[in-house]
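Ligands are counted one by one from 1 in listed order, and the atoms in each one are counted from 1 as well.
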Amino acid sequence: MTFQNTREFAQQLDGQDALRAYRDEFIFPQHNGKNVIYFTGNSLGLQPKRTKKYVDEVMNDWANLAVEGHFYANKPWWDYHERFAAPLSKIVGAKPSEVTVMNTLTVNLHLLMVSFYRPTKTRYKILCEEKAFPSDQYMFQSQVHFHGYKTEDAIVEVKRRDGEHNIRLEDILAKIEEVGDELALVLIGGVNYYTGQVFDIKTITEAGHKAGAKVGWDLAHAAGNIQLELHDWNVDFACWCSYKYMNSGPGNASGCFIHEKHHNDSNLPRFAGWWGHNKERRFKMEPAFDPVHGADGWQVSNLPILSLAPYLASVEMFSEVGMDALITKRNQITAYLEFVLHEIDKEVDSTFEIITPQDQSQRASQLSVFLHGEGRTLFDYLMSNGVITDWREPNVIRLAPVPLYCSYEDMYDFGQILKQGILQKLNLNSL
Ligand SMILES: *Cc1c(COP(=O)(O)O)cnc(C)c1O
């Protein structure tokens, strides 16, 4: 399709948008009486209007039933989490028994590393991407220390080549082969939080297994954003948070995937708790742990129902929409944003560079833009003009045109505001 950088053209695309109605399902912060242009759904998704109903239901059941809500609530609390299995498994490409929800993301990665990072004297290394999300870096360091290894020795990072913004698949595969017999675990972010690069999960998982390692994925920026086939790709385990693309609210619960090939392996250690115990016998308070078969067997505590309620609202919305429709719009709106950026770039002196891969198979909802020169002033200009984006050192703003609620007209408006901001800055500089 040939795009045009005009309001009429953007409105025409909005008119043809199959997800158009969902924009009205979200609550937008206001700027001068208008919806903000929201580009940070990769950090904290907007609040869906239907979420409040799900939370109120729990509040009411708690008020009216108190402890009896565990069994007699409208959605009983004792197995509330099981409502996620069917819809969530579709979003990540798994069998229902392979997914569960609990805790928060970094906590779950630690818990699953208890099962899947089993270093030995000779095979103890963890392979990850250079500049992984800081929480993941701290997690790796603390895990290898816990097992008595040194960071420099046990953590292997795959680096970008000089002058390149993204990591090449061939370099990841070569590094896996090089570490070979010493490799215990590959754990990478499925979509890089900084550049928006999407990794080839299937190929990397296969290579990790060939080297004899376990392969897990941090899907914080991937869940609800990219097509996932975790079961078919033979991924050992994966975790994601629900507050980014999945709109479940600040700091909210995490989802986990554990491949069914591991469900009955009684040699796998795990840190257990009563919610992972045999469902029928959970309240018999027996001394010996008998895990539920499936991802639910990794549960620890009884679940924070008030947190799960917004996540359930979100998962049900995603299953209504389906990943296919989301991905179709995602590709088009991201391409349109890219086009608008290039048009503005032509109209003013070039001051920025898109560092996210151009190749659609290597990116999803996010474009990261490197601002040369005084990027921070431009960022401040955008924020004070109703464009919510975020700033990452040294000079990057990240733009996520989330398909569920961003419009093509937003992209056009953003382009105009960006242009004004750049022109104003150029004028200031020439004074
Ligand atoms: C957002 C994000 C996190 C955050 O972890 P929490 O435990 O939910 O605070 C971790 N890893 C990655 C890759 C992220 O993008």
Side-chain angles (χ1 to χ4, degrees), residues 39-46 84 88 91-92 100-114 116-117 126-143 155 157-158 160 166-167 172 185-199 201 204 215-226 228 230 235 237-257 271 298 300-301 303-304 307-308 310-311 314-315 355-356 362-368 388-393 396-400 402:
F39 278 129
T40 43
N42 56 352
S43 184
L44 179 69
L46 291 178
F84 288 80
L88 195 52
I91 296 167
V92 299
T100 195
V101 292
M102 58 186 188
N103 313 308
T104 45
L105 172 55
T106 310
V107 171
N108 284 339
L109 285 170
H110 273 299
L111 286 173
L112 293 182
M113 282 179 80
V114 168
F116 297 106
Y117 177 52
I126 299 176
L127 183 138
C128 62
E129 76 278 36
E130 180 189 32
K131 293 197 189 133
F133 193 83
S135 195
D136 298 27
Q137 296 187 44
Y138 310 148
M139 173 182 72
F140 295 140
Q141 291 161 18
S142 58
Q143 283 276 343
I155 300 174
E157 292 186 348
V158 184
R160 291 161 179 81
N166 295 289
I167 299 176
I172 298 177
L185 175 69
V186 176
L187 210 175
I188 297 177
V191 178
N192 185 264
Y193 79 99
Y194 187 76
T195 61
Q197 180 182 13
V198 175
F199 290 104
I201 296 178
I204 294 168
V215 185
W217 291 88
D218 178 337
L219 300 178
H221 282 260
N225 183 23
I226 67 171
L228 293 166
L230 298 180
V235 164
F237 70 97
C239 304
W240 54 92
C241 51
S242 58
Y243 47 80
K244 293 175 177 169
Y245 291 100
M246 298 208 62
N247 315 313
S248 79
N252 211 348
S254 157
C256 299
F257 165 89
F271 286 168
W298 271 261
V300 184
S301 292
L303 287 149
S307 296
L308 293 195
Y311 192 11
S314 150
V315 160
I355 62 173
T356 305
Q362 283 188 63
R363 73 179 191 200
S365 277
Q366 176 180 327
L367 295 180
S368 297
I388 311 295
T389 169
D390 78 3
W391 173 263
R392 294 284 144 155
E393 293 298 338
V396 165
I397 58 169
R398 303 183 303 165
L399 307 168
V402 173

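The closest approach between Asp218 and ligand 1 falls below 4.0 Å for a heavy atom of the residue.
Taking the six-membered ring where tryptophan is involved, the planes of Tyr193 and Phe133 are perpendicular, since the angle between them exceeds 60° and thus also 30°. By the 30° and 60° cut-offs, the orientation of the rings of Phe116 relative to Phe237 is parallel.
Counting protein heavy atoms only, atom 7 (O) of ligand 1 is closest to Thr106 OG1, 2.5 Å. In terms of protein heavy-atom proximity, atom 6 (P) of ligand 1 is closest to Tyr243 OH, 3.4 Å. The single protein non-hydrogen atom nearest to atom 3 (C) of ligand 1 is Phe133 CE2, 3.3 Å, given as residue, atom name and distance. Of the protein's non-hydrogen atoms, Lys244 NZ, 2.4 Å is the one closest to atom 2 (C) of ligand 1.
Paired with Trp217 under the rule side-chain contact (heavy atoms from CB on, under 4.5 Å), one option of Leu230, Leu187, Ile188, Leu228 passes, and it is Ile188. Tested against Phe271, the residues Leu112, Val300, Val114 include a single side-chain contact (heavy atoms from CB on, under 4.5 Å) partner, Val114.
Within the model, atoms CG of Asn225 and NZ of Lys244 stand 11.5 Å from one another, a figure rounded to the nearest 0.5 Å.
Counting heavy atoms closer than 4.0 Å to ligand 1, residue Asp136 contributes side-chain atoms (C-beta onward) but none from N, CA, C or O.
At under 3.5 Å, not a single nitrogen or oxygen of Ser135, backbone or side chain, sits near a nitrogen or oxygen of ligand 1.
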